Amino acid sequence: MPQYSVLGQRLPRVDGPVKATGKANYADDLVLPGMLYAKLKRSPHAHAKILSIDTSEAERLPGVRGIVVGADFGKFRYGLRPDTRDEYPMALDKARFVGEEVAAVAAIDEDIAQEAVELIKVEYEVLPAVTDPEAALREGAPQIHADKPGNISIHMHTEFGDVDAAFKDADYVREDRFYSQSVLHGFMEPNSLVASWEPPNRITVWASKQSPYFLYRNLANCFDVPLSNVRVVQPYIGGGYGGKNGSYALDFAAVMLSKKTGRPVKLTLTQEEVLTAQRRRHPMIVWLKTGVKKDGTLLACECRIIADGGAGTAIGPTTIANAFYFMNLPYVVPNVRFDGKRVYTNRPVSVAQRGNGIQQIRYAADVQIDMIAEDLGIDPVEIRRRNSAYTGYTTPNGMKVTSCGLQESIDEALKAVDWEKEFRSWPEKAEEPTGRIAKGVGIACNSFCSGVRLRGHNCCSAVIKVHEDGTVSLMTGSTDSGQGSETVLAMIVAEVLGTRIEDVVVPQTDSTVTPVDPGSFGSRVSSTAGNAVRIAAEDARRQLVAVAAELLEAKPEDIELRDRKVFVKGAPDKSMRFRDLARLTVAHGAGTTVIGSGSWGQEIDPVDFEKGIGNLAGSYTFGTQAAWVEVDTETGKVNVTRMVVAHDCGFALNPLAVEGQHEGSIGGGVGHTIYEHCVEDDGQTLSSNFTSYAMPTVGDMPEMISYSIETLDPVGAFGAKESGEGTQVSTIPAIVNAIHNAIGVWMTDLPITPEKVLKALDEQKAKDRVLSEVR
Amino acid sequence: MKRIIELNVNGVVHEVVVEPQRTLLEVLRETLGYTGTKKACDSGDCGACTVIIDGRAVLSCLTLAVEAQGKNIETIEGMATGDRLHPIQQAFLDKGAIQCGYCTPGLVLSAKALLDENPKPSREEVKKAIGGNLCRCTGYVKILDAIEAAGEQAN
Ligand code: FES
Ligand code: FES
């Protein structure tokens, strides 16, 4: 392992003190002089033509300063690609889901704004709605977008190898249906922004966005102002997990209200609005057919998915593409066929959520591999080892594995759980009485993209400014929504410049100042922005070293920067303080202000949304998880008691942050598997608070241990790969496999509620009875 | 009807004009500028708005400002001494218990109410004390570690 002075240390986060003391400002904490407060009027119907909107009474309410409706935005539509621009800033001709934004009011306080919202009269012609994706695909189903026949938002069909021949050659073929339900991001900070329009054409927004540059572009297009006049400033972000990437009605509405009223406008959603009408994860039906040889070697996979996209496409193409790409890893599958449909329904829009599309498919695949192992009497570890991807492997569609620690992660996880002793397969113990509390253990493996290559703007950039006292500013457009990237990027600067992390300041992203950045998604920041920051720091270092060489009369290659000091190799008497060097760079000779800059992007093919050909990401992570569960066979309640993660993150830039990412992923995964579900009735979300939408509390979480496998990836910054999402992918199958190990049933329909467990146990008993009668 | 009341926040007495239906959370954040107290659900389901009143952890979104008159209100802003973090804050930092930070003030105050009463709680007691605080980022493990460490340090 390389020796670093800053990287690799368990350093506390740089924004920790402001967050711990309550001084960190989030969007809703901001107040501007003359600021108005806005509220949204939402559709009560899942699908309805808007016949008229009467705002006259609302306008007359004292304290109301402005009202906007969809028509204020003309025919502007936005979306990820030109052909997927299917969302209006606010509903225009019709409402397509319950809660869609129809109008917005700005007033001198929130209560008045809310009262005015209630005074707005909207006349609707209610249309038949469709809230089930399979129903939406049927002939004669209500059409949600006139220009998208059959309610197809995205359709991807692709094939590599000879799938049919491989199934013929297979000794064993198994086909199963899996369902992953509708779940929410669950961030604690509701979406919020303060918007200020300055005439004639300047926009400033302080918005809770994990990827502020999406909004920057959308606002420029929507309001027809130059990009240089769009200032998106990033306050602290109270969690995102994919749910604060895009631009939403509240953003457009707040800016338009500010433009209309000439005053700054704050629009903060209530948590109820977030839970019922904001973005959510794609629910997905997955049919997976897999053929293997007798020894468990995978020969072919065929997968069909129907993803419920809700009423808009948003980043949906990436979700479907991800699902296909990750049929191909972490296991070697020589022949694959995929048919993925993303279907419009009259539901809130589905987007990325930690694991975007990968979770749903890997849940299916990593449970099914356990099913196959059991059917063939193969050890579940053995079957995974036999099919594991490896360093240097290229998948049939062209994904290149530059480093792979999957086998090592299996070793590490098994060691940690004492697997040999702990695990006995269900068939071995099926005859034994379990008692009321049945215990089981299961494993699952994962793979994830580390730095996806996008279409369009892809690279990350960084600018480093060295102040004359030796402190340093790092300007980056990569945002930290809690994952700790600000700290990790500051560590990279400190490492390269030989200073300390406390000398590095990372100001807020501000689109007029910080470099354009694609955003914090696809597990890009550490690997991709990390490389840009490294290059920028090296650029600054070169400039500093040139001056140091002159001052110390040494060769530049002999200059070393370490712990705030400058040394000359082989000349211990020659040295100076880093801060003196920084001061002298501006004062020496003509002087130079040290500004380092750098850009970096993956030099690979852009993501192929049609056929899935090529390399999706710069590199890929691999991991193994083991879960222990206890199932109460009387109540059906599942309790996850312990979870071990071994994850190949390439290099743990900051192990404390890496662990935090795993633990958060497990939290999200446990919720997804057992507790969370948007309860809906005809498109109306009934689970409208944190009691009915039950995310795990401290009492629901297992004890967790995580291990990092360090494979020093050749692509990622300092060998690092992602650690923010892969673990959420394998949390689900690890738990499902453990439940099977405890009670002998396969839970293929999430979430695994007590009712479903009891029903499965009843069916199992009935089956056993029939079998024993036959015998 | 608006009324003038006195609120004692972190030892400082503030006179504020409030309507009787205003929650303590609203008055702390909007009238007095104590924005460290976070509003996440505004309905008693998440603990982000936790403050301490007369030694007890209380949800400020479910408390009317008028009810807090004459009582000692502690918010996150009152915990550090100058630049020196309170041991609980320091433990949250050192143990990696903070990510996005939105739940942090509420959790730190729930922890303080517990440790003031019971400086050496068992892990189960800690879990019980923060059972009403939601955190989506951390999976809670490091939060538990931090509170235990802060408790041990106080001893
Ligand atoms: S904001 Fe008070 S409990 Fe959630
Ligand atoms: S740190 Fe983000 S919710 Fe707890």
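Within every chain, numbering begins at 1; the chains are lettered A, B, ... in the order of the sequence lines, protein sequences first and strands thereafter. If you're wondering where the values come from, they're calculated on a predicted model, not measured in any experiment. Values reported hereafter were calculated over all heavy atoms of this structure, with side chains retained and with hydrogens, waters and symmetry mates removed.
- If you measure heavy-atom distances from A:Asp111 to chain B, the contacts under 4.5 Å come from the side chain alone.
- Residue B:Thr104 touches chain A through its side chain alone, counting heavy-atom pairs closer than 4.5 Å.
- No side-chain heavy atom of B:Arg136 sits under 4.5 Å from any side-chain heavy atom of A:Phe187.
- Interface remark: A:Thr21 contributes backbone and side-chain atoms alike to the contact with chain B (heavy atom separation under 4.5 Å).
- Taking the side chain as every heavy atom from C-beta outward, B:Arg29 and A:Asp29 approach each other to under 4.5 Å.
- Counting heavy-atom pairs closer than 4.5 Å to chain A, the top-ranked of the candidates B:Glu124, B:Lys39, B:Gln90, B:Arg123 is B:Arg123.
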task = Tell me, with the steps shown, if B:Ile98 and A:Arg13 meet side chain to side chain contact (heavy atoms under 4.5 Å, CB included).
result = CA-CA 8 Å; B:Ile98 304 170; A:Arg13 46 190 309 138; 4.2 Å; yes

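- Residue A:Asp28 touches chain B through both its backbone and its side chain, counting heavy-atom pairs closer than 4.5 Å.
- Atom NZ of A:Lys244 and atom SG of B:Cys100 lie 7.0 Å apart (nearest 0.5 Å).
- Contact annotation for B:Lys38: only side-chain heavy atoms (C-beta onward) come within less than 4.5 Å of a heavy atom of chain A.
- Proximity to chain A is absent for every atom of B:Lys128, based on heavy atoms less than 4.5 angstrom apart.
- Using a 4.5 Å cut-off between heavy atoms, B:Leu85 contacts chain A through its side chain alone, with no backbone atom that close.
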message = Using side chain to side chain contact (heavy atoms under 4.5 Å, CB included), reason through B:Asn133 and A:Val698 one step at a time and then give a plain yes or no.
response = CA-CA 8 Å; B:Asn133 291 81; A:Val698 65; over 6 Å; no

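- Contact residues of residues 655-667 of chain A toward chain B are A:Leu656, A:Glu659, A:Gly660, A:Gln661, A:Glu663, A:Gly664 (heavy-atom distance under 4.5 Å).
- In this structure, the side chain of A:Lys19 engages the main chain of B:Gln99 through a donor-acceptor pair within 3.5 Å.
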